[in-house]
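Okay, so here's the structure we're looking at.
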Amino acid sequence: MFKQALVGLTLLSTAATAEVVSVPTDKSVPEAADALIDAIENAGATVFARVDHGAGAQKVGEDIGASQLVIFGNPKVGTPAMIEDRTLGLALPLHVLVYEDAEGAVHLSYEAPAARLADLSDRDLPEGVTTPMAGALSKLTSVAAQ
């Protein structure tokens, strides 16, 4: 019960600060994460890390199910935003959470860049900075989900 309340509180907190976009897939979490990494690399971006949250939870005797975070970026897209405001480096590089929910459905989820970056920045972002980020996230998760 406590875990469910904590997850619910976390989701409410996240939802209040940024729009979460979820793309469903029929793939398993490892298959979807592999497909996402392939799509990222084929697009010319760099995968910086793959974090296995599920395995981490198991190390402390907990089970959150399959859950992997893929962290990636493209300096051509992220650097202009960080030139304008270095604190945007707190939100970059981009990341997608690939996870299995309580009902067994698998999702590729990410925060909409405009909302995420706007929450961190005390200045106006350079025009058009978040558009390519949003387009890349949408395209990459769609490709990975198929």
Side-chain angles (χ1 to χ4, degrees), residues 1-82 85 87-121 125-146:
M1 181 71 168
F2 175 74
K3 285 187 232 175
Q4 290 173 333
L6 184 58
V7 169
L9 181 60
T10 302
L11 290 175
L12 286 174
S13 172
T14 300
T17 59
E19 175 190 352
V20 176
V21 179
S22 288
V23 178
T25 183
D26 292 329
K27 295 177 180 175
S28 69
V29 168
E31 291 170 337
D34 287 344
L36 178 61
I37 288 169
D38 287 345
I40 291 165
E41 290 173 344
N42 289 336
T46 301
V47 174
F48 298 114
R50 180 177 186 166
V51 179
D52 191 336
H53 288 310
Q58 288 176 347
K59 287 182 180 179
V60 296
E62 297 292 340
D63 184 6
I64 62 169
S67 180
Q68 297 184 15
L69 182 71
V70 178
I71 303 168
F72 65 98
N74 183 334
K76 289 180 186 177
V77 179
T79 300
M82 288 190 289
D85 184 344
T87 63
L88 294 178
L90 293 167
L92 298 172
L94 300 174
H95 53 271
V96 174
L97 180 65
V98 185
Y99 70 98
E100 182 178 74
D101 67 21
E103 288 77 38
V106 175
H107 307 270
L108 294 104
S109 297
Y110 60 90
E111 292 176 316
R116 181 183 170 114
L117 296 179
D119 286 347
L120 289 174
S121 179
L125 294 173
E127 190 170 327
V129 164
T130 59
T131 302
M133 292 177 194
L137 283 162
S138 177
K139 181 178 179 180
L140 295 169
T141 55
S142 294
V143 167
Q146 295 179 2

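We use all heavy atoms of the structure for the numbers below, so side chains are in, but hydrogens, waters and symmetry mates are not. Quick caveat, the model's predicted, so the values are computed rather than measured.
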| request: Decide side chain to side chain contact (heavy atoms under 4.5 Å, CB included) for S67 and L97; before the verdict, give the C-alpha distance in whole Å, the side-chain angles of both, and the deciding distance to 0.1 Å. | output: CA-CA 7 Å; S67 180; L97 180 65; 3.5 Å; yes
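- Contacts of T25 classified as side chain to side chain donor-acceptor pair (under 3.5 Å), with partners at least two apart in sequence or in another chain: none.
- Remark: T46 pairs with F48 by the side chain to side chain contact (heavy atoms under 4.5 Å, CB included) rule, at least two apart or across chains.
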Which pairs would a plain distance check flag for residues 136-146, meaning a side-chain donor or acceptor within less than 3.5 Å of a matching protein atom at least two apart in sequence or in another chain?
from: T141; atom 1: OG1; to: L137; atom 2: O; distance (Å): 2.7
from: T141; atom 1: OG1; to: S138; atom 2: O; distance (Å): 3.2
from: S142; atom 1: OG; to: S138; atom 2: O; distance (Å): 2.9

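- Residue L92 holds its CG atom at 12.0 Å from CD1 of I71, rounded to the nearest 0.5 Å.
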I'd like a table of donor-acceptor pairs (distance under 3.5 Å, sequence neighbours excluded) in which one partner is a side-chain atom from residues 98-105, with atom names and distances.
from: D101; atom 1: OD1; to: E103; atom 2: N; distance (Å): 2.9
from: D101; atom 1: OD1; to: G104; atom 2: N; distance (Å): 3.0
from: D101; atom 1: OD1; to: A105; atom 2: N; distance (Å): 2.9
from: D101; atom 1: OD2; to: H107; atom 2: NE2; distance (Å): 2.8

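- The distance from the CD1 atom of I37 to the CG atom of N42 is 12.0 Å, given to the nearest 0.5 Å.
- Closest heavy-atom contact between P113 and A134: CG-N, 3.6 Å.
- For D52, the side chain to side chain contact (heavy atoms under 4.5 Å, CB included) partners at least two apart in sequence or on another chain are A55, Q68.
- Evaluated for a side chain to side chain contact (heavy atoms under 4.5 Å, CB included) with L36, the options V47, V96, V23 yield exactly one hit, V96.
- Identified under the salt bridge (Lys or Arg N to Asp or Glu O under 4.0 Å) test for residues 30-47, with sequence neighbours left out: D34-R50.
- With sequence neighbours excluded, no residue forms a side chain to side chain donor-acceptor pair (under 3.5 Å) with H53.
- Between atom CG of residue L88 and atom CG of residue D85 there is a gap of 4.5 Å, rounded to the nearest 0.5 Å.
- Of all the heavy atoms in S109 and V20, the pair that sits closest is CB-CG1, 4.2 Å.
- In this structure V21 satisfies the side chain to side chain contact (heavy atoms under 4.5 Å, CB included) test together with E19, Y110, sequence neighbours excluded.
- Atoms CE and OG1, from M82 and T79 in turn, are 5.0 Å apart once rounded to the nearest 0.5 Å.
- Listed by chain and number, the residues in a side chain to side chain donor-acceptor pair (under 3.5 Å) with N74 amount to none (sequence neighbours excluded).
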